[in-house]
Structure formats: C-alpha cells, structure tokens
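Encoded as structure tokens, the structure appears first; notes follow it.
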Amino acid sequence: MDLSHSFTGIVNPATFAVGPVAAAEAVSLINVSGATLMHAASCTPATADAALKSLRDFRAVRRRVVWCNPSDLARTPNADLRVWGRKLVDLGRADMVIACGSGARELAIAARDAGLSIGRVVVCTDDATARNVLTDSIVAGDAILALGTTLESCYKLAERVETRFERELLVAG
C-alpha cells in the first residue's frame with residue numbers, strides 16, 4: 001500500500017530531526033526606568049535566533065543594542081560566529097553591539113562588516129567592562145538585548161542604568 005500521497009496537513013520539521021531538538025529559551029524582560037532590558041541567559045543558536053527576532057519585533061523608541069557573550073555559540077559545532085555577527089544586525093536590527101567572552105572578536109568583526117560603524121561595535125574583556133560601556137552608552141528609550149549573560153549581571157546593569165537616569169533627572173530638574 002502506497003501512502004506517500006495520502007498525507008495532508010502541516011509537518012513539523014523537528015519530527016524528522018535526528019537527536020534532540022534544542023528548544024529556544026524564553027526572553028525575559030527586566031523593568032528598567034528609561035530603557036528596556038531583555039534577557040536570554042544562554043546563547044545557543046535556537047535561543048539567539050528567537051531573541052533576535054524578539055528584539056527586531058520590539059518597538060524601540062531609540063536604538064536596539066545587543067550585549068552578547070557568544071561563548072555558547074563558540075562551543076556549538078558548525079556555528080559560524082561571522083554569520084551570527086551579521087545576524088545581530090540583519091535579523092535583530094542592532095544599532096550597537098557590545099561583545100565579550102569567547103568568540104567576541106569574530107562576532108564583532110562580522111557585525112561591523114554588516115554595516116555598523118566602528119564606534120558602534122565594542123569588544124570587552126569581561127562582563128564588568130561590558131556593563132561599564134553599556135552604562136555610559138545607553139540613552140533613554142534604548143532597547144537592550146542581553147544575550148548569553150547571567151541574570152545577576154543583567155540586574156547589575158539595570159541598577160546602574162537606573163541610577164544614571166535618576167542622576168540625570170536630578171541634575172536637569
């Protein structure tokens with residue numbers, strides 16, 4: 001009996017995958033006055049793809065900024081960091097990229113090659129330095145995607161950004 005032509009409907013491509021299919025981690029929002037901070041703790045291909053689509057679809061008042069630690073991607077077999085660097089700009093519509101961790105340089109070069117100016121792409125040695133750069137660079141209305149960073153590090157950034165915006169309001173008032 002030939003059943004090759006009897007099936008109709010939608011087929012999930014994951015049905016035919018060999019081995020486990022990585023599910024995308026949810027992107028969480030952290031409330032920060034003056035800016036929007038989105039967080040995805042891992043930077044696997046599935047999570048990065050979903051997070052960049054969330055950033056792209058988010059209605060940012062000002063810029064879209066990606067803070068990325070691509071260490072998970074660097075350890076993923078067949079993951080080309082140059083392709084992912086371009087995806088930050090093309091898929092996520094990033095206006096600025098701050099990268100740290102393993103593979104940060106390759107990711108940053110690709111983001112620059114995708115059209116970001118050299119001043120909009122920064123490679124940092126660690127999370128603390130990246131937070132310093134972000135705190136100095138963020139302006140009110142920016143949407144920040146923290147990809148591959150710890151939740152603790154995101155909360156530290158949120159506290160620093162809020163403190164900075166509060167100081168600016170006090171000086172202006």
Side-chain angles (χ1 to χ4, degrees), residues 24-44 47-74 81-82 84-172:
E25 175 187 321
V27 176
S28 59
L29 289 174
I30 299 173
N31 191 17
V32 180
S33 60
T36 302
L37 181 56
M38 301 169 7
H39 175 254
S42 68
C43 190
T44 62
T47 300
D49 196 60
L52 289 172
K53 287 176 183 173
S54 294
L55 181 64
R56 175 196 64 204
D57 295 340
F58 188 81
R59 182 171 284 189
V61 177
R62 302 279 310 243
R63 301 174 303 174
R64 289 177 176 86
V65 179
V66 177
W67 170 24
C68 184
N69 182 337
S71 297
D72 291 337
L73 281 173
L81 292 174
R82 306 234 350 141
W84 281 101
R86 285 189 294 277
K87 279 187 174 187
L88 297 179
V89 178
D90 296 339
L91 179 60
R93 297 187 184 146
D95 299 303
M96 182 174 204
V97 173
I98 312 296
C100 61
S102 176
R105 183 176 182 279
E106 293 83 6
L107 190 83
I109 290 170
R112 198 177 71 214
D113 290 347
L116 291 183
S117 67
I118 195 164
R120 299 276 183 198
V121 180
V122 181
V123 177
C124 300
T125 56
D126 54 28
D127 276 353
T129 307
R131 282 194 308 270
N132 288 339
V133 170
L134 283 161
T135 302
D136 292 341
S137 303
I138 299 296
V139 294
D142 282 354
I144 305 112
L145 170 61
L147 186 58
T149 63
T150 64
L151 189 58
E152 178 186 359
S153 197
C154 280
Y155 281 130
K156 286 179 182 179
L157 174 65
E159 289 172 11
R160 293 184 68 188
V161 168
E162 282 194 355
T163 302
R164 183 180 142 220
F165 285 152
E166 286 173 8
R167 276 195 318 261
E168 287 177 1
L169 286 174
L170 288 174
V171 170

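Quick note: numbers below take in every heavy atom, side chains included, and nothing from hydrogens, waters or symmetry partners.
Interatomic distance, Leu116 CG to Arg86 CZ, rounded to the nearest 0.5 Å: 13.0 Å. Note that the CD atom of Glu162 and the OG atom of Ser33 stand 4.0 Å from one another [nearest 0.5 Å]. Rounded to the nearest 0.5 Å, atoms CG (Leu151) and NE2 (His39) are 5.0 Å apart. How far CG of Asn132 is from CD1 of Ile98: 11.0 Å, rounded to the nearest 0.5 Å. Annotation: the span from Cys154 atom SG to Leu29 atom CG amounts to 11.0 Å, rounded to 0.5 Å.
With sequence neighbours left out, Ser71 forms a side-chain hydrogen bond (donor to acceptor under 3.5 Å, both in side chains) with Asn69. Taking Asp72 as the reference, Arg75 meet the side-chain hydrogen bond (donor to acceptor under 3.5 Å, both in side chains) condition, with sequence neighbours excluded. Residues forming a side chain to side chain contact (heavy atoms under 4.5 Å, CB included) with Ala48 (at least two apart in sequence, or on another chain): Cys43, Trp84, Leu147. Considering only residues two or more places apart in sequence or on other chains, Ala108 meets the side chain to side chain contact (heavy atoms under 4.5 Å, CB included) condition with Val121, Val123.
The nearest pair of heavy atoms linking Cys68 to Leu107 is SG-CD2, 3.7 Å. Residues Leu37 and Ala158 share a closest heavy-atom pair of CD2-CB, 4.1 Å. For Leu81 against Gly103, the heavy-atom pair with the smallest separation is CD1-CA, 3.4 Å.
None of Thr149, Ile30, Leu134, Ile138 except one satisfies the side chain to side chain contact (heavy atoms under 4.5 Å, CB included) rule with Leu157; the exception is Leu134.
For the pair Val133 and Cys124, the minimum side-chain heavy-atom distance is below 4.5 Å.
The side chain to side chain donor-acceptor pair (under 3.5 Å) contacts involving residues 100-120 comprise Arg82-Asp113, where partners must be two or more places apart or lie in separate chains. Listed by first and then second residue, the salt bridge (Lys or Arg N to Asp or Glu O under 4.0 Å) pairs involving residues 123-138 amount to none (not counting sequence neighbours). For residues 50-65, the set of pairs meeting the side chain to side chain donor-acceptor pair (under 3.5 Å) definition, not counting sequence neighbours, comprises Asp49-Lys53, Arg63-Asp142.
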